[in-house]
Protein chains: 2
Amino acid sequence: MARKTDFSDALTPAAPDGAIVIASERARSEIPVEQLSHYLLTPEFIERQNRVLSALSKEPVFKKGNQANLSRPERYMLGLARGKKIRQLTVKLGWSEEDYAMASYLVDDVLPYYLHTAMFSTTVREQGSEAQKAYWMPKIDAWEVIGCYAQTEMGHGSNVRGLESEAKWDPKTKEFILHSPHLTASKWWNGTLGRTANHAIVVAQLLLPVSGSGAETKYKSYGPHPFIVQIRDIKTHQPLESIIIGDIGPKYGYNSMDNGYMLFNHHRISHDAMLSGYSRVDPDTGAYSKPENPQVVYGTMTAVRSTIVMEARLALARAVTVAVRYLSIRRQFPDKDAKDKTAAELSVLDYPTVQIRILPLLATTFALHYSGKAMGELYQRTRRDIEKNGDFATLAELHSTSSGLKSLCTDLAAAGIEDCRRAMGGHGFGGGTGLVQLNATYRAKQTVEGDNWMITQQVARYLIKKVRELSQNPTRPTATRTEENLKRYLSSKGSKINLKIHRNDRDIVEAFERRTSYLAFTAHEQREVQQKPWNTLLIDFYKLSRAHSQSILVTNFYDAVQNDNTLSPVTREVLWDLFRLYALTTMDGDAREFYSSGAVTNEDLDLISPRVLELMQRIRPHAVRLVDAWGIPDYLLDSSLGRYDGKVYEDLWDKAHRQNPLNEITFNPDYQTDELVLGSGDAGKIVSKL
Amino acid sequence: MARKTDFSDALTPAAPDGAIVIASERARSEIPVEQLSHYLLTPEFIERQNRVLSALSKEPVFKKGNQANLSRPERYMLGLARGKKIRQLTVKLGWSEEDYAMASYLVDDVLPYYLHTAMFSTTVREQGSEAQKAYWMPKIDAWEVIGCYAQTEMGHGSNVRGLESEAKWDPKTKEFILHSPHLTASKWWNGTLGRTANHAIVVAQLLLPVSGSGAETKYKSYGPHPFIVQIRDIKTHQPLESIIIGDIGPKYGYNSMDNGYMLFNHHRISHDAMLSGYSRVDPDTGAYSKPENPQVVYGTMTAVRSTIVMEARLALARAVTVAVRYLSIRRQFPDKDAKDKTAAELSVLDYPTVQIRILPLLATTFALHYSGKAMGELYQRTRRDIEKNGDFATLAELHSTSSGLKSLCTDLAAAGIEDCRRAMGGHGFGGGTGLVQLNATYRAKQTVEGDNWMITQQVARYLIKKVRELSQNPTRPTATRTEENLKRYLSSKGSKINLKIHRNDRDIVEAFERRTSYLAFTAHEQREVQQKPWNTLLIDFYKLSRAHSQSILVTNFYDAVQNDNTLSPVTREVLWDLFRLYALTTMDGDAREFYSSGAVTNEDLDLISPRVLELMQRIRPHAVRLVDAWGIPDYLLDSSLGRYDGKVYEDLWDKAHRQNPLNEITFNPDYQTDELVLGSGDAGKIVSKL
């Protein structure tokens, strides 16, 4: 759009100027931002971010200014155009997988090709036979075929065993017949499927004939298995004849993605469509052979869960960055107790009611960081142990930890993003936050890769088992920290140990450990001694998992700060305060559990509130530098309120006044005519779009 | 779109069929739905809803099917077209104001004309002089002028006294000069302003000259005052020359509304532009005369707040209706303890982890109902007392109550809508919920009409004052229930009275009252005895306000069920359980406050969880009938998941497969070409829209 010239050009924001405020905020703290940034993100990440950002900034398709004004079909098209361009840049500039992932992260769209590069590719690589990999992987890597991952159905998500899609083996033709017996068998939600992919991994019940023939054939189900299937014609991009495919329509978020649906009508696929790296059907005898170790199959999901924690920290850091910068600049009301009635208005971030919503979230970004890192290390160790030594010892711990942390951390980030929005008041509801898409889209994380309530059962099951083992043999040697904690608790069960949480940081950690152990023993007692029905205990299991996962966050945070010898003293001091703030506000949220477990006295719990106030006052001067350290570039933030340079109001004005297509149209507000755009004679034309 | 015919036409959902399930859910309960519906909504409301719905259903502009696919400019246009049509129907069918409001409620768009019919009209009526009303009201009522309400600025929202816009009195020309001295003085967020209105109420600092002349004139500010101002040319609809206006761009929600911005450059308006029903400037002497009773001015805001509670109940009821119906129909996993390994999957609403998220919200809709009703009655009584007898006695109580309830109830509804979404798992993230727009838009309520955190200070200030009065004179007679509670608390302060909350429902109410009184005395002690700075107590004030408002909800709920003699016994029995569920889950959320106040023992607090499980089991069979009683029509729900007839999967399929414009386009996924739509040669055209 052509830049308008008018009297607003001569105007500036009222004092204090945002740029000056943000500079003086930075001057209040001596935290070496670059050092902390390298520590949190690694120099490699920062170099990659700068390099990829520079490449993206040259391509107009990555401009974000007007994307929120587009229609849903246009929004998908934009995603497609961006996906193509990122791939073109990857080829042209020789980008690595990490570079490609960085580009997607910065562009901040879930690309229509996402499932091709993620689950489709991974599944073939991990579950295909050598022959299948040799055939498919070059085509996949070259994007000659575009694939998706079609597991979830309209009627079944979490309960994979309940999937309805069938793959019947036809011994005569040596083919599988894919079929959707009901509407609810339609594949549903699968990303990349709706408009983009021409191939799919289809997860279907493997049915092998056991007796009879023709229409009388009786089948036995071997459970869900993955098949690689062409779904659209390569030239016309139309669905193959016995397949119906489409996009499921607008959603809360992910509008750049074509989440799809798919039905099969007795669609025949050849024998080699079944991915047979683990399970296979003998084409001659029709006999089924099982995976040697089925646990390996869920390695992918566990890997995804471990990266989710690291992603959660950056998603939350983005929202906290916007909130901390804007709320430092924004002024509202003079101090009510000020003697001088013309006193200047306070920075909104100086109000405790705003601090209590933002600063614990700032602390949470660090808590997530340390546990995300620890999870990554545990994952790598477990993988190594399994692959090198066939040692599955830590797999159960990894699986439990990753489930609990996935649930807790995505909840923390999703709720935190929304809390940041709300704390920003009026402008927090506007597009100037840059958080509208993140807020809508991030929430999906609470459901995908295991619903956040449902997967807490896995943590409870693991802890109950550990208590059972310990109860059966109280002197058995402990292999993990969880086991140590349970054993220590057993030795003082029922007594009040009243830790000194306000005098000793290590006691805070122990309070969390004791509370988890208390809840674990209670759960064990209810389930295994009193034999209560599993389903009646689900709420307790959820609380147990949350407690355990919070304990992990607190422990990893404590250990990391305790063991660090690289950071400047001022940074470490602030990190200790952030540790205390995260731990104590978390404790305050479930204070009775800490009391009931005998870990903390009521008096000490009462002292948390004033101590939190004090911690927030100490952290407050460092807030802007702390968010700076997360290194979120302005391009990713795409936020007037969160700009690094503090020019909040200038940018709000510029975006509204100079970049809003609605302002190019003059409307006719006279209710007596159906004409909408003045002078266009368009009476009622919008109706045709409905 | 033309209906496709394909093999999906022959498919039905897998058993159990949603329609059969929902019918059997209804058969499980004997609650007379129609009776309860009349009791909650009134027969007048139901008649109006049916009548208006019937008129709307004949007009294609009110179809909702495709609206989520529109671009932002189209979404505004649709809102404009709907606004016109509703006004046309109002004239044609002789609709009352309530009929008009019902139409807006059912169409579920914030209409671009909203501020005209609400704040613009109300402000002229309440603050105009008789002459101004005689001139303006006929034009306003006939929609000959379209107005908006321009108060909030880019730099100032809550702190109205901090507004920067100036209205300087020019005694020579007897005009006011409207001026925006900075960019931050731009009016901002004001609905109807951006593209629709040709007039505005402009709230600006009234500046009267005190000495000097010309550029040397010194002015005194009399604070913000409202002016009625023409802002656009009536014929061309272009902004007047010394005014800049526009729409602020895409937001979290309200996309059908043109929230606007506006700057003035020494814009002159005549003397009679200042609304002078209360304050006025004498055109001859330039002297200012003050309002007789400035409290009347905030009557409008208080009225708005009182209706917010009633709206909150229906907004939440909508989400709960969708969740209860869908989660009754949806099946997931067989019972883990089932002996029969082929046992059928359970209704998702039978899981306690789902019940705990949905059934307390169902109870909350009733809690909101009774307090919304009580607020409305208090508002009417106060208004009558003031207008008839000049008696302002209950105004402070009304103001405090409405502030606290506005804050609590909009928080409950906003969080509840999101909780319903999440509890619905995968489909909960999709457009089939019908809740995407409500979820995005309703959140604004937490900020507008007084930010939910900020306004809790008003409750605290009121309660501290009441404690002060009581402390100064412990035997003073009590005029309100709040005062009685504080007095009763004073007589047993410091002791544990250990109410029997599990034996006596009245004791539950008393526990809430005691906890509020305890927090009120603590706040008074901190502020008035220890003289702590106001701002350091804001978090405590927030907690106090929440406690007080929860107590009001619980009290009104109890009183209403206790005093009812119209409902069937089965309904009353379920209402008692809903009362207990709402009260006890609320208590559980802040259990330590109840313990600390001496109201409830730790042992009784521990018993809440098992009792809640039991209450949920008792309420569960009635859930579908209870949401039916809220009478939300399918047209308003616009939800596949929440349909009255239970045809969830058929409708999901129909909307995705037959009503999604994205599925009309065939794309080109080959990354090596920039072409997006296959065969169109459109390479990269989306870039031009950015």
So, the part of A:Thr433 with a heavy atom under 4.5 Å from chain B: the answer is side chain

Looking only at A:Met77, A:Lys251, A:Lys63, A:Arg87, the option with the highest number of non-hydrogen pairs under 4.5 Å against chain B is A:Arg87

If one checks every heavy atom of A:Val448 against chain B at 4.5 Å, the contacting part turns out to be neither

Bottom line for A:Lys64: the part with an atom under 4.5 Å from chain B's heavy atoms is neither

- Query: With a 4.5 Å heavy-atom cut-off, do B:Leu346 and A:Asn535 have their side chains touching?
  - Reply: yes

Between A:Tyr76 and B:Phe667, is the ring centroid distance below 6.0 Å? yes

When you compare the side chain of B:Asn668 with that of A:Lys84, does any pair of heavy atoms fall below 4.5 Å?
yes

So, the part of B:Asn602 with a heavy atom under 4.5 Å from chain A: the answer is both

Honestly, the part of A:Gln88 sitting under 4.5 Å from a heavy atom of chain B is both

Cut-off 4.5 Å, heavy atoms of chain B, and the answer for A:Leu78 is both

Cut-off 4.5 Å, heavy atoms of chain B, and the answer for A:Phe7 is both

Pair count under 4.5 Å, heavy atoms only, with chain B: among A:Glu164, A:Lys85, A:Glu418, highest is A:Glu418

Okay, B:Lys655 and chain A: the region with an atom under 4.5 Å from a heavy atom over there is neither

Okay, A:Arg330 and chain B: the region with an atom under 4.5 Å from a heavy atom over there is side chain

*asked:* Parallel, tilted or perpendicular, judged at 30° and 60°: which one describes the rings of B:His657 and A:Tyr261?
replied: perpendicular

Bottom line for A:Asp335: the part with an atom under 4.5 Å from chain B's heavy atoms is both

Can you tell me if A:Arg195 uses its side chain to pair, donor with acceptor, with the backbone of A:Pro112 under 3.5 Å? no

Okay, A:Glu144 and chain B: the region with an atom under 4.5 Å from a heavy atom over there is neither

Cut-off 4.5 Å, heavy atoms of chain B, and the answer for A:Leu613 is side chain

The interface call for A:Leu605 against chain B, heavy-atom contacts under 4.5 Å, is both

Could you tell me how the ring of A:Phe429 sits relative to the ring of B:Tyr252: parallel (under 30°), tilted (30 to 60°) or perpendicular (over 60°)? parallel

**OP:** Classify the angle between the aromatic ring planes of A:Tyr113 and A:Trp143 as parallel (below 30°), tilted (30 to 60°) or perpendicular (above 60°).
**Re:** tilted

Applying a strict 4.5 Å limit to non-hydrogen atoms, the region of B:Ile686 in contact with chain A is side chain

| query | Donor-acceptor pair, B:Thr666 side chain versus B:Leu678 backbone, under 3.5 Å? | reply | no

If one checks every heavy atom of B:Ile86 against chain A at 4.5 Å, the contacting part turns out to be neither

With sequence neighbours left out, the residues meeting side-chain contact (heavy atoms from CB on, under 4.5 Å) with A:Leu537 are A:Gln526, A:Arg527, A:Lys532, A:Asp540, A:Phe541

Bottom line for A:Trp653: the part with an atom under 4.5 Å from chain B's heavy atoms is both

Most heavy-atom pairs under 4.5 Å with chain B, out of A:Glu345, A:Arg357, A:Met454, belong to A:Arg357

Whatever's closer than 4.5 Å to a heavy atom in chain B on A:Thr353 counts as both

Honestly, the part of A:Val91 sitting under 4.5 Å from a heavy atom of chain B is side chain

Is A:Arg422 salt-bridged to B:Asp451, going by a charged N under 4.0 Å from an acidic O?
no

Whatever's closer than 4.5 Å to a heavy atom in chain A on B:Val677 counts as side chain

If one checks every heavy atom of B:Thr447 against chain A at 4.5 Å, the contacting part turns out to be side chain

Honestly, the part of B:His116 sitting under 4.5 Å from a heavy atom of chain A is neither

